[in-house]
Structure formats: C-alpha cells, structure tokens
Protein chains: 2
Amino acid sequence: MDKRLNDGQDLRVPAICRACDARHRGICGAMTAEQLAEFSRFTTRKKIGAGTELHGQGERVISYANVLRGVVKLTKVMQDGRQQIVGLQFAPDFIGRPFASESTLTAEAATDAEICAVSKGALDRMVATAPDLEHKLYHQALLELDEARDWMLTLGRKTAREKVASFLHLIAAHYDPECNETVAFDLPLSRQDIGDFLGLTIETVSRQMTKLRQEEVIIVENNRHVIVSDMERLARIAGID
Amino acid sequence: MDKRLNDGQDLRVPAICRACDARHRGICGAMTAEQLAEFSRFTTRKKIGAGTELHGQGERVISYANVLRGVVKLTKVMQDGRQQIVGLQFAPDFIGRPFASESTLTAEAATDAEICAVSKGALDRMVATAPDLEHKLYHQALLELDEARDWMLTLGRKTAREKVASFLHLIAAHYDPECNETVAFDLPLSRQDIGDFLGLTIETVSRQMTKLRQEEVIIVENNRHVIVSDMERLARIAGID
DNA sequence: CGATGTCTTGAAGCAGTTCAACCAGGGTGG
DNA sequence: CCACCCTGGTTGAACTGCTTCAAGACATCG
C-alpha cells in the first residue's frame, strides 16, 4: 500500500504535513503521526526569495529548516571577502548543525525557495528522545560528508574544464536521478556562485562554458537553461570514474 | 570520581579495554561494561606500519576501526593517478562508513599506528540497538563534516602559502589543543602527502616551507620535526579568522 | 661507503587570474 | 516609444603563481 495515500487520510497527521512533498523523503519520514502533530506546533512553512539569508557565519542559530523547493547554498567567507560554497541543499535536505550553538557557515537561498523552518529547541528535544529521527539525521550527515569529500577531490585536483563539467554533471544528476542520456535543466546558480563553488573566477567559468558549448557538449539558452545531450561524455570530461 | 579509575577496577570491562587510551574519548565511551564485553569478542587490537592499507577505494568493507595511536589518511584517487587526501584521522577517531557496503575512499596509515579493528557486522548490529552509540557516531560525523568544509575553503580559495600555513596550523592545533604560543611536533605526513592534502605539488610545498623557515615562522629539523614559535602569527598567515 | 629514497632548488612553461572593454536583456523614466 | 542605465555574462590581452621538468643536496640504511 502506498504510504503517502494512507497517510493523507490519517487525520492525526497535521494538514500541512499531509500536503508536504518532503513528508516521507526528508527527516519527517522518521516521525509518527503523534510526533508530527506535536512537532508541527513549532514549524513554519515559508517561501523565501533568492538571496534570503537563513543564518550567517558566526551567528547564533535559533532554528533549523527543511528545504521543500529550490536550492540553498552553504558558504564560508574569509575576512577579505574570498568566498567558497561548501554545500548545496536540495529538497528534502535538512539545514542546520545539531549540537552547535553557533554556525560556522552562512545558509542562503540560491534560488527562490520554500522551506519548513523549525525552532532549534523543539528539534533538539525531539532528537534527544527519538532515536529514529537521529538515525535519519545521521544518515543525511553521512551523505553530506560523502559529497563534501567528493568535492574536495574536485577542488584540489581537477582542472577548470573538469571542474565546470563536474558541476554541470552534479546538477544534471540531481535533476535526473535516472541518469538518462540527455538531460535539460535550469542552473540554480549564477556564474559568480558557480565560481565560488568551484574555486574559480567568474571569467574562467564563463570561458569553460563557452568551450563546452562550442564542442557541443552542452547547449545553453538564456544563460541559465542547459541541455546536456550525452551525460556519458560529460562525465568523462568531468573525470568521473 | 575519575571514571577511568573506576572503570579500571570494573572487572566486567574487558582487560584490553581497561588498558585502552581511547576507551572514554572514542565511541567506546558510549558503551556499558556489558556491551564492551560482548563487543570485544569481535575486536582486534593491532599495530600497523606506515603505508598499511585498511581498505581501498571501491572495495567491499568488512571491518571498521578506531585509531588508538598514529595518523590514518583518507584518500581519493582518479584513474590517471591524481590523488587527494580528504581526511586525517587521529586517535581516538572512528574509521568507516556505516550503512554503505563499498568504500568510496582508501584508508591508509600515514604513520606507524595502532588500531582497534572491529567486524562490520558486530558494530552494525550494536548500532541498531544502542542509540547512545549511534549518537556518538553521529557526533563524530558532524565534526568530520565541519572539518571537510573548512578544508574546502582552504582548497578552493587559499594561496599555496596560506595552504601550507593552514596545514601546519592544523597539525599544531591537534598536538596542542591548549593553543600555547609555541608548539613543537613531528609532521605525520611526507611532503608528497602534504601536497596531496593541499592540492599542490611536492615542489610548491617544499618552496613554501622554505620561505616560512626563512621568515622564521617555523624552525624545521630533520625535515619532519617542526617548531612553531608564534601560533598567532601562523594563523594570520594561514588566513584563519 | 655506495645506494636509495626523500627533499630542495632552479629555470621554463602554462593554466588560470586580473583588468578592462564589450554585449545582451530588462526595467525606468523622460 | 525610445534613450538610458543597470545587472549579469562574455571576450580579449597581459600578467603571475603554480606546475613541470631537471638537477643537485641530504638523510638513512644496508
């Protein structure tokens, strides 16, 4: 039986959660109807515009969030302004760092997005008593760690060309987990953000994109829309095994 | 009362664990005497020489380990041989990736080391039933994620000089958590490894070390022994806030 | 004491940055 | 409705920091 359908009829589950896309895929999937009901008293679903900051580097954190739609970027900055994106969160990812009062990074919407924010206290309390929830969070942390380490290889050892291809591959793979031969999508990041993600300048990103376009690895429309006709080829250029 | 002393007299705790340095600091700290007794039937304490591989990238993993002494490096390689160190594990760190059968990286002793290996099955079973243990593992995963993201900033946005200084700072801070003004230590990595950690060539690492030596930021003896006289200054050069 | 591996130093080359100009699209106001 | 500007992206030319390639110094160990 489809759990989602079943759940949609379970009136103990809050209405807002019953209508939520991320209900089963995200951390909420680990909660019972009763827990959700209790929990939802501390959650707020909201739409945020691109550029909205959820919390800043060095700030005290008072809430966590789940991404429901859009992309949130996690960035670190040095005093002199140099910037590095250290993570991209897609739906239904969890945003926040349990067991730390201060954030070591900034979380900011890269695109228009929708999130379900929850007070830190409420989640911390629930984590302390619900092993299933902590298990789910642990699971996501491990996935993020895998991603971070993959990206370290990209940052440390790949050429600009490979980096840009790796980025395109990452986004494409996210939009099409089936990994079809051809994929089309809108880039969730500006050229500046792509540069900050890849450890490159905006000019280098632009030049490499142009080259990939000329070689017909990608087709670009309106600067943001990208069509990859041969994912295999892109992966090869990206240096992905 | 000192828990360690107390524990040393508790005969339900296996002898090998009673004598273990990492007993309370590592994940074992989350276990009861009974759990340890059960658990120790599946653990093997062993000394391994520098260069010993614990598991390789792409291999099936059959055991986890705790570092008791020495340093273990986690590396990723591309088919053409380019290599990146994506993590350094010190005592009492846990090595392994729960919930994955295959490893996406290689774990290899960077120095002579001592580890406490445990069969994957035994730990997985215990994790499934002991929330405290999973909590501890989750906690470490989050710390590793923090470290990985810090390093992404280093890899993506720092100059060779700042990278080398950052590395020295990292090692120094590990040997002296008190953060005294002056710290002396042996480098746990060869120049090649340092390069692979920083995304630089061995020559660039060497040149930057020479420069730092000439500026008297560090004193180097026998290539491996380093003395930092002014940690503040090193941090400034490393671009650490 | 030579042999081997590790580290340093030097010189030349190149990938990516920097600086500057240009272009396209989209909104604003005269 | 067009001139204007403003933002985000592209392109070009000169520069530079890191790499590459090659040789030499140093330590360690049979």
Side-chain angles (χ1 to χ4, degrees), chain A residues 49-51 73 78 80-84 110-112 154-168 186-215 218-226 237-239, chain B residues 49-51 73 78 80-84 110-112 154-168 186-215 217-226 237 239:
Chain A
K73 59 180 180 178
M78 297 172 66
D80 62 8
R82 278 177 287 175
Q83 197 159 0
Q84 176 69 43
T111 64
D112 289 345
T154 300
L155 286 173
R157 290 304 187 194
K158 292 190 183 175
T159 63
R161 176 181 171 82
E162 290 169 331
K163 283 181 176 180
V164 171
S166 295
F167 170 73
L168 293 171
D186 278 330
L187 288 175
L189 268 51
S190 68
R191 296 292 187 274
Q192 181 61 64
D193 280 345
I194 298 174
D196 286 344
F197 192 35
L198 296 170
L200 296 172
T201 60
I202 187 175
E203 292 96 332
T204 302
V205 171
S206 181
R207 277 186 250 272
Q208 295 300 333
M209 294 271 289
T210 304
K211 257 184 105 186
L212 291 175
R213 216 174 49 218
Q214 286 167 348
E215 295 168 18
I218 53 172
I219 299 167
V220 181
E221 289 164 358
N222 297 329
N223 284 336
R224 283 287 185 123
H225 192 74
V226 174
I237 295 173
Chain B
K73 59 181 181 177
M78 298 173 65
D80 63 8
R82 277 176 288 174
Q83 197 158 359
Q84 177 69 43
T111 64
D112 289 344
T154 301
L155 286 173
R157 288 305 185 193
K158 292 190 184 176
T159 64
R161 176 181 170 81
E162 289 168 331
K163 283 181 176 180
V164 171
S166 296
F167 170 72
L168 293 171
D186 278 330
L187 288 175
L189 300 185
S190 68
R191 296 292 188 275
Q192 181 61 64
D193 281 343
I194 298 174
D196 286 344
F197 192 33
L198 297 170
L200 296 173
T201 60
I202 187 173
E203 293 95 331
T204 302
V205 172
S206 181
R207 277 185 250 272
Q208 296 299 334
M209 293 273 287
T210 303
K211 257 185 106 187
L212 291 175
R213 217 173 47 217
Q214 286 166 349
E215 295 168 20
V217 177
I218 54 172
I219 298 168
V220 181
E221 290 164 357
N222 297 330
N223 284 336
R224 284 289 185 119
H225 192 73
V226 175
I237 295 173

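Residue numbers start from 1 in every chain, and the chains themselves are labelled A, B, ... in the order their sequence lines are given, proteins ahead of strands. This one's a predicted model, so the numbers in the text were calculated from it and none came from an experiment. Quick note: numbers below take in every heavy atom, side chains included, and nothing from hydrogens, waters or symmetry partners.
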Heavy atoms, side chains only, cut-off 4.5 Å: are Leu168(B) and Leu212(B) in contact?
yes
Minimum side-chain heavy-atom gap Asp196(B)-Lys73(B) below 4.5 Å:
no
Nucleotide [N], atom [atom2] - distance to [atom1] of [X] in whole Å:
X         : N       : atom1 : atom2 : result
Asp196(A) : dT17(C) : CG    : P     : 12 Å
Ile202(A) : dT7(D)  : CD1   : C1'   : 11 Å
Glu162(A) : dG16(C) : CD    : P     : 9 Å
Asp186(B) : dA27(D) : CG    : P     : 16 Å
Lys163(B) : dC18(D) : NZ    : P     : 8 Å
Leu187(A) : dT10(D) : CG    : C1'   : 15 Å
Ile218(A) : dT10(D) : CD1   : P     : 10 Å
Arg157(B) : dG17(D) : CZ    : P     : 16 Å

Choose from [options] the nucleotide whose nearest atom is closest to any side-chain atom of [X].
X         : options                   : answer
Ser190(A) : dT11(D), dC7(C), dG9(D)   : dG9(D)
Arg207(B) : dG10(C), dG16(C), dC18(D) : dG10(C)
Glu203(B) : dT8(C), dT20(D), dT18(C)  : dT20(D)
Asn223(A) : dA11(C), dG9(D), dC18(D)  : dG9(D)
Arg191(B) : dG16(C), dA13(D), dC7(C)  : dC7(C)

Need one value for [X]: base, sugar-phosphate or nothing, where a base atom within 4.0 Å counts as base even if backbone is also close, heavy atoms only.
X         : result
Gly199(B) : sugar-phosphate
Thr204(B) : base
Leu200(A) : sugar-phosphate

Assuming nearest nucleotide by heavy-atom distance, tell me which of Leu189(A) and Ala160(B) is located more 5' along DNA chain D.
Leu189(A)
For Asn222(A), does the CG atom sit with more than 12 other heavy atoms under 6.0 Å from it, leaving out its own atoms?
no
Which atom pair, heavy atoms only, marks the closest approach of Lys158(A) to Arg82(B)?
CA-NH1, 3.9 Å
Glu203(A) and Arg207(A): side-chain contact (heavy atoms from CB on, under 4.5 Å), yes or no, with the steps?
CA-CA 6 Å; Glu203(A) 292 96 332; Arg207(A) 277 186 250 272; 3.5 Å; yes
Let me know, please, whether Thr201(A) or Asn222(A) comes out on the 5' side of the other along DNA chain C by nearest nucleotide.
Thr201(A)
